[in-house]
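These notes concern the structure reproduced below.
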Amino acid sequence: MKRHQVPGLAAAILAAVCLSASVQAGAGSDWVSLFDGKTLNNWVQHNGTATYVIKDGTIVGTTSEGSPNSFLCTKKNYGNFELEFEVKLYNKELNSGVQIRSQQENGDGRVNGPQVEIEASGDSGAEAGYIYGEAIKYDDKGIGWMTPEDQRTPHKDFKDGEWNQFRVVANGPRIQTWINGEQVSDLTDERVYKSHPSGFIGLQVHGIKPGTGPYSVAWKNIRIKELK
């Protein structure tokens with residue numbers, strides 16, 4: 001027998017062990033894809049009449065004139081998690097967002113909850129990655145931006161006309177965001193966490209002014225890892 005040559009039975013056992021280790025490594029990954037590139041089986045649309053279609057393995061959302069904000073939402077709710085996705089704005093006139101821990105009024109009404117802003121940078125930079133309180137109300141008043149004004153410094157981490165990778169970590173009242181590897185926001189909001197500790201993920205197509213559009217935004221490689 002030559003040196004390092006393994007008999008047939010031993011080789012089979014070794015191959016089985018290696019395969020088992022490989023399978024276990026794959027099973028050990030807690031990431032779950034929210035979009036398979038082919039269907040919207042795990043999603044449902046709430047509010048608005050914007051259209052969501054699958055094109056070349058992406059979800060493309062397109063505005064509908066006269067429609068309020070539209071949201072394509074996961075059927076499952078999530079509390080503490082790490083979320084990653086890629087997004088591209090086809091028209092710089094359209095701002096968009098991804099809802100996290102969101103709900104509907106009375107179970108079937110207006111979508112409300114924290115939103116990770118998606119906005120073209122333009123010439124002067126913009127507010128992509130900051131957190132907005134979409135339709136969140138206290139004392140019958142909308143709270144607007146959750147990220148304080150003195151922390152919403154315009155930036156150009158969002159690349160106009162290109163795919164941009166977002167990372168969002170929501171753990172307890174703390175929400176952190178990154179765009180293309182650059183951290184944009186680190187926000188702790190106990191008040192909103194108390195009313196929105198968990199909820200669905202939602203892809204927003206914003207309403208537009210009459211006589212404008214249609215505008216489109218696309219998402220791909222959407223995945224989530226729940227945190228314990």
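Computed from heavy atoms alone, side chains included, the values below leave out hydrogens, waters and symmetry copies.
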Practice task
Quick one: list whatever passes side chain to side chain donor-acceptor pair (under 3.5 Å) with Asn112, sequence neighbours left out.
Solution key: His196
Exercise for the section: Could you tell me which residues satisfy side chain to side chain donor-acceptor pair (under 3.5 Å) with Ser96, sequence neighbours excluded, listed by chain and number? Expected result: none
Handout entry: Pairs where residues 94-123 contributes a residue and the test salt bridge (Lys or Arg N to Asp or Glu O under 4.0 Å) is met, not counting sequence neighbours
Key = Arg110-Glu134
Handout entry: Residue pair Leu94, Val217: steps toward the side-chain contact (heavy atoms from CB on, under 4.5 Å) verdict
Key = CA-CA 8 Å; Leu94 177 68; Val217 54; 4.1 Å; yes
Handout entry: Same cluster (ILVMFWY, side-chain, under 4.5 Å), Trp178 and Val87
Key = no
Exercise for the section: Could you tell me whether a side-chain N or O of Asn180 sits under 3.5 Å from a main-chain N or O of Gln165, the two making a donor and an acceptor? Expected result: yes
Exercise for the section: Would you please name every residue forming a side-chain contact (heavy atoms from CB on, under 4.5 Å) with Ser195, sequence neighbours left out? Expected result: Tyr138
Exercise for the section: Please check if Val205 and Ile54 belong to a single hydrophobic cluster, counting links between Ile, Leu, Val, Met, Phe, Trp and Tyr side chain heavy atoms closer than 4.5 Å. Expected result: yes
Practice task
Using atom types as modelled and distance alone, determine if a side-chain donor or acceptor of Thr212 lies under 3.5 Å from a backbone N or O of Lys209.
Solution key: yes
Completion exercise
Correct closest heavy-atom pair for Ala128 and Phe158 would be CB-CB, 4.0 Å
Practice task
Could you walk me through whether Val98 and Ile222 pass the side-chain contact (heavy atoms from CB on, under 4.5 Å) test, one step at a time?
Solution key: CA-CA 11 Å; Val98 168; Ile222 310 169; over 6 Å; no
Practice task
Report yes or no: does Thr177 contribute a side-chain atom to a donor-acceptor pair with the main-chain N or O of Gly129 at less than 3.5 Å?
Solution key: yes
Problem - From CH2 (Trp163) to CG (Asn221), nearest 0.5 Å - result: 8.0 Å
Handout entry: Phe71 side chain reached by Leu203 side chain, heavy atoms, under 4.5 Å
Key = no
Practice task
Output yes when a side-chain donor or acceptor of Ser67 lies under 3.5 Å from a complementary backbone atom of Thr49, and no otherwise.
Solution key: yes
Practice task
Look up atom CD1 in Ile208 and atom OH in Tyr215, then write down how far apart they are to the nearest 0.5 Å.
Solution key: 6.0 Å
Problem - Gln115-Gln99 side chain donor-acceptor pair, cut-off 3.5 Å - result: yes
Could you give the side-chain donor-acceptor pairs of residues 167-175 under 3.5 Å, partners two or more places apart or in another chain?
{"residue": "Arg167", "atom": "NE", "partner": "Glu82", "partner atom": "OE2", "Å": "2.7"}
{"residue": "Arg167", "atom": "NH2", "partner": "Glu82", "partner atom": "OE2", "Å": "3.3"}
{"residue": "Arg174", "atom": "NE", "partner": "Asp186", "partner atom": "OD1", "Å": "2.9"}
{"residue": "Arg174", "atom": "NH2", "partner": "Asp186", "partner atom": "OD2", "Å": "2.6"}

Practice task
Identify the two heavy atoms, one from Pro114 and one from Val192, that lie closest to each other, and give their separation to 0.1 Å.
Solution key: CG-CG1, 3.9 Å
Exercise for the section: Just jot down the side-chain contact (heavy atoms from CB on, under 4.5 Å) partners of Arg223, sequence neighbours excluded, or say none. Expected result: Trp31, Glu84
Handout entry: Non-hydrogen atoms of Leu34 and Asn42 that approach each other most closely
Key = O-ND2, 4.0 Å
Problem - Any side-chain heavy-atom pair of Asn91 and Pro214 under 4.5 Å - result: no
Practice task
Quick one: pull up CD in Gln103 and CG in Asn106 and give me the separation to the nearest 0.5 Å.
Solution key: 11.0 Å
Exercise for the section: Could you check if a side-chain atom of Asn95 sits within less than 4.5 angstrom of a side-chain atom of Ile118, using non-hydrogen atoms only? Expected result: no
Practice task
Indicate yes or no for a side-chain donor-acceptor contact from Ser70 to the backbone of Ala50 under 3.5 Å, with no hydrogens or angles considered.
Solution key: yes
Practice task
Dump the intermediate steps for side-chain hydrogen bond (donor to acceptor under 3.5 Å, both in side chains) on Asp36 and Ser33, then the final yes or no.
Solution key: CA-CA 7 Å; Asp36 61 11; Ser33 176; over 6 Å; no
Exercise for the section: Report the distance from atom CD1 of Ile131 to atom CD of Gln176, rounding to the nearest 0.5 Å. Expected result: 10.5 Å
Practice task
Kindly say whether the aromatic ring centers of Phe200 and His46 come within a distance under 6.0 Å.
Solution key: yes
Fill in the blank from the handout: ring pair (Phe, Tyr, Trp, His ring centres under 6.0 Å) pairs touching residues 116-136, sequence neighbours excluded, are Tyr130-His155, Tyr132-Trp145
Problem - salt bridge (Lys or Arg N to Asp or Glu O under 4.0 Å) partners of residues 138-160, not counting sequence neighbours, each pair once - result: Glu127-Arg152
Fill in the blank from the handout: Heavy-atom nearest pair, Leu72 first then Tyr52, reads N-OH, 3.4 Å
Exercise for the section: State whether the side chain of Thr58 and the backbone N or O of Asp56 hold a donor-acceptor pair below 3.5 Å, judged by distance alone. Expected result: no
Completion exercise
Rounded to the nearest 0.5 Å, the NZ atom of Lys38 sits from the CG atom of Asn41 at a distance of 11.5 Å
Practice task
Tell me whether Val116 is reachable from Trp219 by hopping between hydrophobic residues (I, L, V, M, F, W, Y) whose side-chain heavy atoms are closer than 4.5 Å.
Solution key: yes
Problem - CD1 on Ile136 to CZ on Arg191, rounded to 0.5 Å - result: 8.5 Å
Handout entry: side chain to side chain donor-acceptor pair (under 3.5 Å) partners for Asn77, two or more places apart
Key = none
Handout entry: Over all atoms of both residues, closest heavy-atom pair of Ser124 and Pro154
Key = O-CB, 3.8 Å
Practice task
Taking all heavy atoms of Thr147 and all of Ser185, pick out the closest pair and write down the distance.
Solution key: OG1-OG, 3.9 Å
Exercise for the section: Tell me, please, which residues at least two apart from Thr153 pass side chain to side chain donor-acceptor pair (under 3.5 Å). Expected result: none
Exercise for the section: Enumerate the residue pairs fulfilling salt bridge (Lys or Arg N to Asp or Glu O under 4.0 Å) with a member in residues 57-76, sequence neighbours excluded, ordered by first and then second residue. Expected result: Lys76-Glu226
Problem - Residue list, side-chain contact (heavy atoms from CB on, under 4.5 Å) with Val53, at least two apart or on another chain - result: Val60
Handout entry: Close side-chain approach of Tyr78 and Ile224, heavy atoms under 4.5 Å
Key = yes
Exercise for the section: Report yes or no: does Thr74 contribute a side-chain atom to a donor-acceptor pair with the main-chain N or O of Ile201 at less than 3.5 Å? Expected result: yes
Exercise for the section: Consider only side-chain heavy atoms of I, L, V, M, F, W and Y, link residues closer than 4.5 Å, and tell whether Leu40 and Phe85 are in one cluster. Expected result: yes
